[in-house]
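Note that the structure is a prediction, hence the values are computed from the model and not measured. No hydrogens, no waters, no symmetry mates; every other heavy atom, side chains included, goes into these values.
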Amino acid sequence: MESKGLQPMDSEQLRENAHKMVDFIADYYKSIENFPVLSQVEPGYLRELLPDSAPNQPETLQNVLDDVQAKILPGVTHWQSPSYFAYYPSNSSVAGFLGEMLSAGINMVGFSWITSPAATELEMIVLDWLGKLLKLPEDFLSTGQGGGVIQGTASEAVLVVLLAARDRVLRKLGKNALEKLVVYASDQTHSALQKACQIGGIHPENCKLIKTDSSTNYALSPDLLSKAISDDISTGLVPFFLCATVGTTSSTAVDPLLSLGKIAKNNGIWFHVDAAYAGSACICPEYRCYIDGVEEADSFNMNAHKWFLTNFDCSALWVKWQFPPVENENWGGILLEFEVKDRNALIQSLSTNPEFLKNKASQANMVVDYKDWQIPLGRRFRSLKLWMVLRLYGLENLQCYIRNHINLAKYFEGLVAADSRFEGCKYCLSCQLAHLTWDKPLLGLVVLSMKCLLNPLEKMGNKWVVTPRIFSLVCFRLLPPNNNEDHGNNLNHDLLDAVNSTGKIFISHTVLSGKYILRFAVGAPLTEERHVTAAWKVLQDEASALLGRL
């Protein structure tokens, strides 16, 4: 019997229906400003709108698209809206979309070189391209002693390198040493690290998140790290992994990579750098300084799907294969020597070699098999979209794209600073004393605080929430009347709910030094100055309404 509706694959049906889908998507982007940015539906809304079971007979694409328009889009939070300022951006672009479309069309599963040689080799080449744009050391490139791999997210990236670091130590100390292994990071580090520790069997008390405060702009203090490591070694624990961040989620703090890297190297600790968000800015020469010290790292990660016009998911991870010998290393009172044979730690940790996957090229070690660089076996042809982004936009346009968002953040900074009802960071003496990087280019972050409104000679204290603008995030808060801090957090929580409930913009929050802080992240591809201006008006109007009811 001849089947009805769509064939499993038919080139002419694909052409006809794909044109309809592209038109639908293009119309969506053309009208995206008409949707509430944050979905306004209630939990469980969709079950009331869709049938209890799948249809027995095929439906038309138009019927499905009608349901998307009427039932699905109301439940979508529109991350590509020009008025989306929450969390961090998740960029989409024409080039990224075309690459995603091509990847879906080819639909290969590239777990090893032989399953699709072009997928493996293009990924190696494209990540070398991106690594060179970031001016990563040669040790991170496939043409050197390292290499790159595309993970799904930064969470996967930190997990696989933590597992590699763990197994590297356990091969020396034995599996019973697992309970002694210690991980270090700041308390501003993404929660993905804690999840990686849970998966990796690291005891919860051995995931040491070192407290930060405004005295270091919420960056990890090398002195506190050194003390923590020394204390742990003295009690027989084994420090083995350090995660530094360039652009933390809360306030885009930048950990001092060079100092931390030297501490890690002196103690035989794997040093991972998470630049998931801020790494994109470092393709601009004036911002490359924020990853100075990356040469000390063993692994480096940035998300091309955040601020680099590459559709989700595309998280670039680079690792060094060459681990130099470390002689007489003191871990938990045990003297160790690491040899060059440990250079493939990531692959040794994640590699499997079942009979059904064996082939001549892999067995001869002639090729890279990316199945051994990640958790799952299967993998998509993700390098296509990054390749298209790099080719169809080019470095100069990508740099302009980043700089435009930074300038929009600076513009928003000025708007906030001009309204005395909000806390704003001024370039006063107290800021200069607290922050030693004002002479460096700033990347689009504003963190606003009452500290800068105080006498610049007044003593600085950790209770103040102060961070200079770095990257394209703006942090700010509405001042409580009469400086009543007991009501300050509730006031800003209410302001967040009020502005998001309008549907006109979407922002998110964090907590710094106990204070509830609003975050305004500029980074959506369609955002223009008029959207920033309109967002500020929403904030001002809702703030006036809240203050008027007090």
Side-chain angles (χ1 to χ4, degrees), residues 157-213 215-216 218-246 248 253-274 293 296-300 320 323-339 342 345-346 349 462:
V158 72
L159 172 60
V160 297
V161 295
L162 183 139
L163 295 177
R166 179 201 66 182
D167 292 350
R168 175 173 171 244
V169 175
L170 294 182
R171 281 193 295 271
K172 292 292 182 181
L173 300 182
K175 62 182 180 180
N176 291 333
L178 180 61
E179 64 183 17
K180 298 181 179 180
L181 301 188
V182 186
V183 171
Y184 302 90
S186 85
D187 61 357
Q188 300 297 306
T189 302
H190 196 281
S191 58
L193 177 65
Q194 292 174 277
K195 182 176 285 190
C197 288
Q198 291 175 244
I199 295 171
I202 306 303
H203 288 209
E205 65 271 19
N206 288 344
C207 182
K208 305 290 182 74
L209 302 181
I210 298 172
K211 186 175 177 56
T212 60
D213 57 45
S215 68
T216 61
Y218 298 95
L220 178 57
S221 163
D223 290 341
L224 293 181
L225 173 66
S226 292
K227 184 179 186 306
I229 291 172
S230 296
D231 290 348
D232 288 338
I233 290 175
S234 69
T235 60
L237 296 176
V238 181
F240 85 103
F241 189 84
L242 168 64
C243 181
T245 306
V246 177
T248 58
V254 177
D255 291 335
L257 302 189
L258 186 60
S259 299
L260 298 177
K262 290 180 178 178
I263 294 170
K265 181 178 291 185
N266 290 339
N267 289 277
I269 296 173
W270 184 299
F271 183 35
H272 176 64
V273 175
D274 176 358
E296 302 292 339
D298 298 297
S299 50
F300 178 84
K320 289 180 180 176
F323 291 89
V326 180
E327 297 182 357
N328 296 327
E329 192 137 336
N330 190 340
W331 277 352
I334 301 173
L335 295 179
L336 301 172
E337 290 187 7
F338 284 93
E339 302 173 2
D342 286 321
L346 181 67
S349 181
N462 292 343

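When each of I269, V182, L224 is checked for a side chain to side chain contact (heavy atoms under 4.5 Å, CB included) with I229, only I269 meets the rule.
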Next item on the list: May I have the step-by-step check of side chain to side chain contact (heavy atoms under 4.5 Å, CB included) for V161 and F241, ending in yes or no?
Entry: CA-CA 9 Å; V161 295; F241 189 84; 3.9 Å; yes
Next item on the list: Check the pair D274 / T189 against side chain to side chain contact (heavy atoms under 4.5 Å, CB included), numbers first and verdict last.
Entry: CA-CA 9 Å; D274 176 358; T189 302; 5.6 Å; no
Note to self: For a side chain to side chain contact (heavy atoms under 4.5 Å, CB included) check, start with the C-alpha distance between D232 and K180, then their side-chain angles and the critical distance, and finish with the verdict.
What the structure shows: CA-CA 9 Å; D232 288 338; K180 298 181 179 180; over 6 Å; no
Next item on the list: Using the side chain to side chain contact (heavy atoms under 4.5 Å, CB included) rule, take L193 and H272 through it: C-alpha gap first, then chi angles, then the decisive distance, then the call.
Entry: CA-CA 11 Å; L193 177 65; H272 176 64; over 6 Å; no
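Side-chain contact check for D213 and S215: at least one donor-acceptor pair (N or O, by modelled atom type) lies under 3.5 Å.
A donor-acceptor distance shorter than 3.5 angstrom exists from the side chain of S234 to the backbone of D231, with no hydrogens or angles considered. Judged by distance alone, the side chain of D298 and the main-chain N or O of F271 form a donor-acceptor pair under 3.5 Å. The backbone N or O of L220 sits less than 3.5 Å from a side-chain atom of D255, completing a donor-acceptor pair. Side-chain N or O atoms of T245 include none that pairs as donor or acceptor with a backbone N or O of T248 at under 3.5 Å. A donor-acceptor contact shorter than 3.5 Å is absent between the side chain of S349 and the backbone of L346.
Between S299 and W270, the shortest heavy-atom distance links the atoms OG-NE1, 2.9 Å. When all heavy atoms are compared, the tightest approach of K320 to E296 is NZ-C, 4.3 Å. Nearest heavy-atom pair, A297 versus V273, reported as atom, atom and distance to 0.1 Å: CB-CG2, 3.7 Å. Closest heavy-atom contact between P222 and L260: CA-CD2, 4.0 Å. A pairwise comparison of heavy atoms in A345 and R168 identifies CB-CD, 4.3 Å as the closest pair. Among all heavy-atom pairs drawn from K211 and D187, the shortest one is CA-OD2, 3.4 Å.
A salt bridge does not link D167 with R171: every distance from a Lys NZ or Arg NE/NH1/NH2 to an Asp or Glu carboxylate oxygen is 4.0 Å or more.
Here the OG atom belonging to S230 is positioned 9.0 Å from the CD1 atom belonging to I263, to the nearest 0.5 angstrom. To the nearest 0.5 Å, atoms CZ (R166) and CG (L159) are separated by 9.0 Å.
Annotation: side chain of S186 is not in contact with side chain of Y218 (no heavy-atom distance under 4.5 Å).
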Report all side-chain donor-acceptor pairs from residues 194-207 shorter than 3.5 Å, counting only partners two or more places apart or in another chain.
{"unit_1": "N206", "atom_1": "ND2", "unit_2": "E179", "atom_2": "O", "d": "2.9"}
{"unit_1": "N206", "atom_1": "ND2", "unit_2": "L181", "atom_2": "O", "d": "3.4"}

